[in-house]
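Input: a single structure, listed below in structure tokens.
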Amino acid sequence: MIFIAVRFTVRPEHADGWLDRVADFTRATREEPGNLFFDWSRSVDDPNLFVLLEAFADAEAGAAHVASDHFKAGLAAMGEAIAATPEIINVDVPQQGWGLMAELTR
């Protein structure tokens, strides 16, 4: 699986509307056959910071995502509202999806 974490610092005047701004992009990405998850979070410490956790089944699914029209449209929509270049972590992980945490079980 390809796991990607991206931090977006959004201009303050766009922060409250960020999730609406990326809603079409999020919906279309979640509908991709190779998408495993695509989840947004907002920082509890900085209201202008959003984190996107996403995963794709394999390199082909990731490539299809980047080549999609909704990816290009999403970049355009986000580009108008960011305050800084997003920061990213992109790694291959030898599993599919989330595993269970061994240190805390129920």
Side-chain angles (χ1 to χ4, degrees):
M1 140 178 109
I2 297 171
F3 174 76
I4 303 164
V6 188
R7 293 195 307 190
F8 295 87
T9 301
V10 177
R11 294 193 332 245
E13 65 270 23
H14 293 289
D16 287 339
W18 180 257
L19 295 177
D20 290 333
R21 177 178 290 271
V22 299
D24 290 342
F25 174 52
T26 299
R27 183 173 35 268
T29 301
R30 288 177 176 166
E31 291 174 358
E32 293 176 23
N35 179 255
L36 301 177
F37 56 85
F38 196 84
D39 298 326
W40 290 96
S41 297
R42 190 173 194 178
S43 171
V44 297
D45 298 320
D46 180 351
N48 302 321
L49 180 66
F50 292 82
V51 175
L52 172 61
L53 299 179
E54 56 185 305
F56 297 90
D58 52 33
E60 292 79 22
H65 170 64
V66 173
S68 70
D69 289 340
H70 60 268
F71 181 83
K72 294 173 187 117
L75 290 182
M78 291 184 285
E80 298 170 354
I82 59 173
T85 301
E87 301 170 293
I88 189 168
I89 298 170
N90 183 330
V91 296
D92 289 320
V93 179
Q95 68 186 46
Q96 289 292 305
W98 293 93
L100 297 178
M101 182 178 174
E103 298 83 3
L104 185 62
T105 61
R106 183 170 173 145

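Residue numbers count from 1 along this sequence.
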Quick check: closest heavy atoms across [X] and [Y], and the distance to 0.1 Å?
X	Y	answer
N35	F37	ND2-O, 3.2 Å
A81	V10	O-CG1, 3.5 Å
R42	A15	NH2-CB, 3.4 Å
Q96	A57	NE2-O, 3.0 Å
G34	A61	CA-CB, 3.6 Å

Original post:
Between F25 and W40, is the gap from one ring center to the other below 6.0 Å?
Top reply: no
**OP:** Start with the C-alpha gap between H70 and D24, add the side-chain angles, then the distance that decides, and say whether side-chain contact (heavy atoms from CB on, under 4.5 Å) holds.
**Re:** CA-CA 8 Å; H70 60 268; D24 290 342; over 6 Å; no
Original post:
Is a side-chain donor or acceptor of S68 paired with a backbone partner of H65 at a separation under 3.5 angstrom?
Top reply: yes
[Y] reachable from [X] in the ILVMFWY side-chain graph, under 4.5 Å edges:
X	Y	result
M78	V66	yes
L36	I88	no
I4	V93	no

Original post:
Under a 4.5 Å cut-off applied to non-hydrogen side-chain atoms, are E60 and I2 in contact?
Top reply: no
Roughly how far apart are [X] [atom1] and [Y] [atom2], rounded to 0.5 Å?
X	Y	atom1	atom2	value
F71	T29	CZ	OG1	8.5 Å
F38	E31	CZ	CD	12.0 Å
H14	F8	NE2	CZ	15.0 Å

Original post:
Who else is in the cluster with L104 when I, L, V, M, F, W and Y are joined by side-chain contacts under 4.5 Å?
Top reply: M101
**OP:** Applying salt bridge (charged side-chain N to carboxylate O under 4.0 Å, His left out), name anything that partners E87, two or more places apart in sequence or on another chain.
**Re:** R7
Subject >> NZ/NE/NH1/NH2 to OD/OE distance under 4.0 Å, R21 and D16 >> reply: no
Original post:
Under the side-chain contact (heavy atoms from CB on, under 4.5 Å) criterion, do W18 and I82 qualify, and how do the steps go?
Top reply: CA-CA 10 Å; W18 180 257; I82 59 173; 4.0 Å; yes
Only distances under 3.5 Å count here; give the side-chain donor-acceptor pairs of residues 46-56 to other protein atoms, sequence neighbours excluded, each with its distance to 0.1 Å.
{"residue": "D46", "atom": "OD1", "partner": "N48", "partner atom": "N", "Å": "2.9"}

